[in-house]
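Side chains included, hydrogens not; waters and symmetry mates left out as well; all remaining heavy atoms used.
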Amino acid sequence: MLTLIEGAELYGPTALGRQDLLVADGRIAWLGRGLSVPADWPLTRVDGRGRYLVPGLVDPLAHITGGGGEGGFGFRTPELAAREALSAGVTTLVAALGTDSLTRSPAQVLGKVREFRAAGVSAFMYTGSYHLPVKTLTGTVESDIMLIPEVLGVGELAISDHRSSAPTHDELARLVSEARVAGLLAGKSGVSFFHLGDGRGALAPLRALRDGTDIPLRQLYPTHCNRNPWLFAEAIEWGRAGGWVDLTTSSFPDLLDDGERLAADALVELLAAGVPADRISFSSDANASLPRFDGEGRLIELRCGQIDSLWQALVEACGKGVALEVALAVVTANPARALGLATKGTLAVGQDADLLLIDPDTLTIERVMSGGCWRT
């Protein structure tokens, strides 16, 4: 079956103007105007006039098996459903474990990833969790990355956080190097995805890797960079130097007195501070447990990350003056490039047909296509 979407304004994520787009066999087969289609072709036409057509969202961090429960078993967050991701415009995501790698496991994450794939979401995963020694599927990080197609790298590794394993520089250097080499051998990114906590060390462990090893900067992917003022200040310098800066969109306005920035505000500040737009990404942290602790590390309250916060943050950023194509790149092309997903995040011939039809007046997602099939 062929699908021809006609007359939409395309953002790929750069503005491409009004064009038609042909989908065939799950890929974008053609872009342009005035395609002549034989009458006997099995073609479905979709009227895209008066709508934006953009890439599906790429989410670099989602806890699809639920989150830790730092207040005890009564505080565990629920699993995410594939239909929730698709309804939120997320057609590609990377799943991770967090604090709890004892009652949740990489095998559970892999099973859930394959459930998402069966439902039409391009789901991947990181091996490991917050803690060292790394919990894996096959016994080593290298073999997980090389032998399991869904595993892109290692994460969510916790640093500068009282819940981490306080890894040493040598431990981190060895782990990141193993992931990188395995990625090279497997044709993957081999990225190391880092959870940044509220510790005063902030990005110091990653600066030590950058300055004290031969590991390329692109291998280090830190998230939660908008969680407090001192981490955000360091993230500005990190981004200016060419490092990735990932901002968490599952934030709550009533908690901003703690110094956390909403992702949209943080994006505006990063751009104003000279951080290149192509080094910034958003992640939802969907279904993570989002705890607040007092000064002695005791739990005050716990909330749950939301998958739909990714698109909401984009809309908020546009409302603050960020150009649509810049905001779109932060949730499409940029994370796809950081994760080494070459067929995701852009509109071009040969790319996966993961598409969103958008109302230009309200920036509401009206229809979602993944893998060439309409899902909503």
Side-chain angles (χ1 to χ4, degrees), residues 60-61 63 68 94-102 106 109 124-146 151-186 188-225 227-228 230-235 237-239 241-248 279 281 283 285 288 335 338-340:
L61 178 61
H63 294 273
V94 188
L97 287 173
T99 314
D100 179 12
S101 57
L102 293 174
V109 176
F124 300 89
M125 64 179 286
Y126 305 110
T127 190
S129 66
Y130 273 21
H131 303 123
L132 301 181
V134 179
K135 304 290 178 63
T136 65
L137 288 150
T138 63
T140 68
V141 167
E142 300 101 312
S143 57
D144 276 11
I145 294 171
M146 286 191 65
V151 177
L152 298 180
V154 64
E156 181 187 6
L157 299 168
I159 57 174
S160 300
D161 193 300
H162 63 90
R163 294 165 291 172
S164 78
S165 298
T168 67
H169 169 77
D170 289 344
E171 286 174 328
L172 287 179
R174 184 175 299 109
L175 182 57
V176 172
S177 296
E178 289 172 353
R180 167 172 163 71
V181 172
L184 289 173
L185 295 172
K188 300 176 179 178
S189 65
V191 69
S192 294
F193 194 79
F194 287 92
H195 161 100
L196 271 294
D198 279 318
R200 291 289 171 177
L203 284 166
L206 298 192
R207 289 199 305 274
L209 292 174
R210 179 194 66 189
D211 300 337
T213 73
D214 294 322
I215 296 166
L217 189 57
R218 67 177 180 275
Q219 299 301 127
L220 310 175
Y221 198 0
T223 191
H224 312 321
C225 291
R227 74 180 306 149
N228 61 55
W230 57 91
L231 173 56
F232 187 68
E234 292 191 16
E237 295 306 318
W238 179 263
W244 290 110
V245 178
D246 186 66
L247 305 171
T248 302
R279 310 309 294 178
S281 65
S283 61
D285 209 10
L339 297 166

task: Taking the side chain as every heavy atom from C-beta outward, state whether Ser283 and Pro335 have any pair of such atoms under 4.5 Å apart.
output: no

- prompt: Between Glu234 (side chain) and Leu203 (backbone), is there a donor-acceptor pair under 3.5 Å?
  reply: yes

field: CA sep, side-chain torsions, deciding dist, call: His169, Thr213, side-chain contact (heavy atoms from CB on, under 4.5 Å)
entry: CA-CA 10 Å; His169 169 77; Thr213 73; 4.1 Å; yes

query: Which distance, rounded to the nearest 0.5 Å, do you find between the CG of Leu152 and the OG of Ser192?
result: 12.0 Å

message: Would you compute the distance between atom CG of Leu339 and atom OH of Tyr126 and round it to the nearest 0.5 angstrom?
response: 4.5 Å

Closest non-hydrogen atom pair between Ile145 and Ala186, with its separation: O-CB, 3.8 Å

- prompt: Say you draw a straight line from CG of Leu206 to OG of Ser160; how long is it, rounded to the nearest 0.5 Å?
  reply: 7.5 Å

query: Within the distance-only criterion (no hydrogens, no angle test), does the side chain of Gln219 pair as donor or acceptor with the backbone N or O of Gly190 below 3.5 angstrom?
result: yes

query: Do we see a donor-acceptor contact under 3.5 Å between the side chains of Tyr221 and Ser189?
result: no

query: Are Ser165 and His131 linked by a side-chain donor-acceptor pair shorter than 3.5 Å?
result: no

query: How far apart are the closest heavy atoms of Leu132 and Leu157, and which atoms are they?
result: CD2-CD2, 4.3 Å

task: Step through the shown structure and confirm whether more than 12 heavy atoms of other residues, nucleotides or ligands are within 6.0 Å of CG on Asp214.
output: no

field: Taking every non-hydrogen atom, the tightest pair across Val109 and Ala95
entry: CG1-CB, 3.7 Å

- prompt: How far apart are the closest heavy atoms of Leu102 and Asp100, and which atoms are they?
  reply: N-OD1, 3.0 Å

Exercise: identify the closest heavy-atom pair between Phe194 and Leu209: CZ-CD1, 4.4 Å

query: Under 3.5 Å, is there a donor-acceptor pair between the side chain of Asp246 and the main chain of Pro222?
result: no

field: Within-4.5 Å side-chain heavy-atom neighbours: Leu220 and Trp238
entry: yes

- request: May I ask you to test the Pro106-Thr136 pair for a side-chain heavy-atom distance under 4.5 Å?
  value: no

field: Chi angles and distances behind the side-chain contact (heavy atoms from CB on, under 4.5 Å) call for Leu196, Ile159
entry: CA-CA 6 Å; Leu196 271 294; Ile159 57 174; 3.8 Å; yes

- request: Flag the pair Thr223 / Pro60 as yes when at least one side-chain heavy-atom distance between them is below 4.5 Å, and no otherwise.
  value: no

query: Do the side chain of Arg210 and the main chain of Leu217 share a donor and acceptor less than 3.5 angstrom apart?
result: no

message: Go through it in stages, so that I can follow the logic: the residues are Arg227 and Asp198, the test is side-chain contact (heavy atoms from CB on, under 4.5 Å), and I'd like the CA-CA distance, side-chain angles, deciding distance and then a yes or no.
response: CA-CA 7 Å; Arg227 74 180 306 149; Asp198 279 318; 3.4 Å; yes

query: What pair of heavy atoms forms the shortest contact from Leu231 to His224, and how long is it?
result: CD2-O, 3.3 Å

task: Spell out, as yes or no, whether a donor-acceptor pair under 3.5 Å connects the side chain of Glu171 to the backbone of Thr168.
output: yes

- prompt: Between Arg207 and Glu237, is there a salt bridge with N-O shorter than 4.0 Å?
  reply: no

query: About how many Å separate OG of Ser164 and CD of Glu156, when rounded to the nearest 0.5 Å?
result: 12.0 Å

